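A quick write-up on the structure given underneath.
From a predicted model like this one, the values you see are computed outputs, not experimental measurements. Only this structure's heavy atoms are used, side chains among them; waters, hydrogens and symmetry mates stay out. Atoms within a ligand are numbered from 1 in the order they appear, just like the ligands themselves.
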Amino acid sequence: MVGKEWSCVYQNPDAPVEARVKDLLSRLTLPEKIGQMTQIERTVASPTAITDSFIGSILNSGGSAPFEDAKSSDWADMIDGFQRSALASRLGIPIIYGTDAVHGNNNVYGATVFPHNIALGATRDAELVRRIGAATALEVRASGAHWAFAPCVAVLKDPRWGRSYESYGEDAGLVCEMTSLVSGLQGVPPEEHPNGYPFVAGRNNVVACAKHFVGDGGTDKGINEGNTIASYEDLEKIHIPPYLDCLAQGVSTVMASYSSWNGSSLHADYFLLTEILKEKLGFKGFLVSDWEGLDRLSEPWGSNYRNCIKTAVNAGIDMVMVPFNYKQFIKDMTDLVESGEIPMARVNDAVERILRVKFVAGLFEYPLTDRSLLATVGCKEHRELAREAVRKSLVLLKNGKNADTPFLPLDRNAKRILVTGTHADDLGYQCGGWTKTWFGLSGRITVGTTLLDAIKVAVGDKTEVIYEKTPSKETLASSEGFSYAIVAVGETPYAEAIGDSSELTIPFNGSDIVTAVAEKIPTLVILITGRPVVLEPRVLGETKALVAAWLPGTEGQGIADVVFGDYDFEGKLPVSWFKCVEHLPLDPRANSYDPLFPLGFGLNSKPV
Ligand code: GLC
């Protein structure tokens, strides 16, 4: 607003960002600076907490919602309420509200839930992923949040890891391509944008967060929060490259990993957090800890918290995701700064970075929700985009005995078909973890289309569809009446460590269900999993066709579109499919590499 007189430089939207940062920093007291470094969970974010402790950021954990099935407008009411408390503080610094929108705005009822990252890796379509980021940003801002803790740019080295589905795949180059989500979420920076400097295009975009720095997908045996044993050269070749692409797109935040590198916890690693990420790579946004990441630095967990703060903040953590015991954090942090154990220069650097992102994100100009964005939540355009992503993510592993006798596409005018399996009619299973709750749920948890819903729409009205979650003896006894069967089995939802598995078998006796049906009826098996799972010879041998559908999200029609032939298969494996868990981890560069299906494998259903 040219011509308007501003009492302070930092309040002037036309002033250069760095001038605004410098001016505001110079006005802050120590409590206000420490408040900016403090991130708390929404359940402890009372108006007095926000105003009196000068809280800089609020988040919700997975599943922490205003109330059950809260819609986007309910979330916006909550977050705008927090924001008004922040704006009432002495200098009126807005909060930045963060949420795990990792496959759409997945906490919010009615939001579009896109396929998880491993499915997007199977598409190898960077532009599609960017479009998904842009759609997600609209739905996140419609709910009042400003910051998505995405993308996870882990390079997946062992599918026993409980967060495999959050990775785009095992190949660093593929993960680098998929970082286009950053440009979707934040907007595409101009060519001349300085590398490593934060960028957010406007109020229809959100701050992105590249996570978890660094090597989270490479831990020994895939143990979550475990130890990545690797040379620095291997980190540079495998796990660091995706961050270079994120920085080139102006990613505004990076989240530190819980894991360790050769025994050194990332949250305490000055070399990687400061010397590499900030100094060598030139990252100018801010580094946020993971949830209670500081507590994990001590044994027993959470003991000697004051020392954990000292170690982590001096290593380079700028904002601490406390998220509950913020009074203790603020007390210890204040004591550490006053004693000089944490230099004021370190505090100023952290606060500068946080303020820079808030100015770049336009939070001072647009602190409250633009309610016109509510129309984008779960809108047709976004659901069609998600449906396209589902289509492109499907990997055809088997199609008939050979190319001359393909089983797919299915006949949509068949007389009578059987649809069965635990995952045929379960929207929660389709979405997987980080949906409505942290670990995910079963059932009609939000608005969407199950595989069964989609099949019923896809087939002609002369086709009789028989659905049984578990195939009954009577049905199997009258199997000759079925033209074919579609069996959907897979994993139940999980997140983080509860997803760690050394067996990787299909739950609920999925292999038994498959073979019981496939022995009697020509069968297509659809796997709803967050990663490769054990495929027994009987499953491979008895089935006519086999499709990896990963965790497709709310738009199950994308599966029907392809299996009934409206579209061809184009997905390629983003991760090697192992023969048995004893062979893990697989390495395509090793002579011993002997997968069931190699990285990049995927058949087409229509003869080319
Ligand atoms: C979790 C995850 C991280 C997530 C954060 C906030 O433990 O490690 O990916 O963004 O906490 O929910």
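- Here Glu496 pairs with Arg163 in a salt bridge; the nearest charged N to carboxylate O distance falls below 4.0 Å.
- Given atom 12 (O) of ligand 1, the protein heavy atom at minimum distance is Asp100 OD2, 2.5 Å.
- Looking at ligand 1, you'll find an N or O of Arg163 within less than 3.5 Å of one of its N or O atoms.
- When heavy-atom distances to ligand 1 are checked against a 4.0 Å cut-off, Gln39 has no atom that comes that close, whether in backbone or side chain.
- In this structure, Tyr243 has its ring center at least 6.0 angstrom away from the ring center of Phe283.
- Here His103 and Phe114 keep their ring centres 6.0 angstrom or further from each other.
- Annotation for ligand 1: atoms under 4.0 Å from non-hydrogen atoms of His212 are 3 (C), 8 (O), 9 (O).
- Results of the side chain to side chain contact (heavy atoms under 4.5 Å, CB included) test with Met37 over Val313, Ile55, Ile317 single out Val313 as the only residue that passes.
- Each of the following atoms of ligand 1 lies closer than 4.0 Å to a heavy atom of Phe149: 10 (O).
- Residue Tyr258 has at least one heavy-atom neighbour below 4.0 Å for each of these atoms of ligand 1: 7 (O), 8 (O).
- Considering backbone and side-chain N/O of Asn60, none are found under 3.5 Å from N/O of ligand 1.
- Note: no N/O pair closer than 3.5 Å links Trp438 and ligand 1 by distance alone.
- For the pair Arg356 and Phe286, the cation does not sit on the ring face, since its NZ or CZ is not both under 6.0 Å from the ring centre and inside 45° of the axis.
- Between the side chains of Trp301 and Glu292, no donor-acceptor pair is found at a separation under 3.5 Å.
- Annotation: Ser61 places no N or O atom under 3.5 Å from an N or O atom of ligand 1; distance criterion only.
- Taking the six-membered ring for Trp and the full ring otherwise, the centers of Phe324 and Trp291 sit less than 6.0 Å from each other.
- Remark: ligand 1 atoms within the under-4.0 Å shell around heavy atoms of Lys211 are 3 (C), 4 (C), 9 (O), 10 (O).
- Side-chain rings of Phe199 and His193 approach one another, their centers coming within less than 6.0 Å.
- Considering backbone and side-chain N/O atoms, Trp291 never comes within less than 3.5 Å of an N/O atom of ligand 1.
- Where the criterion is an N or O separation shorter than 3.5 Å, residue side chain and backbone included, Glu496 meets it with respect to ligand 1.
- The contact set between ligand 1 and Met255, taken as ligand atoms under 4.0 Å from a residue heavy atom, comprises 3 (C), 10 (O).
- When only non-hydrogen protein atoms are considered, atom 8 (O) of ligand 1 lies nearest to Asp290 OD2, 2.6 Å.
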Assess whether side chain to side chain donor-acceptor pair (under 3.5 Å) is satisfied between Asn106 and Thr435, documenting all intermediate values.
CA-CA 5 Å; Asn106 36 255; Thr435 315; 5.9 Å; no
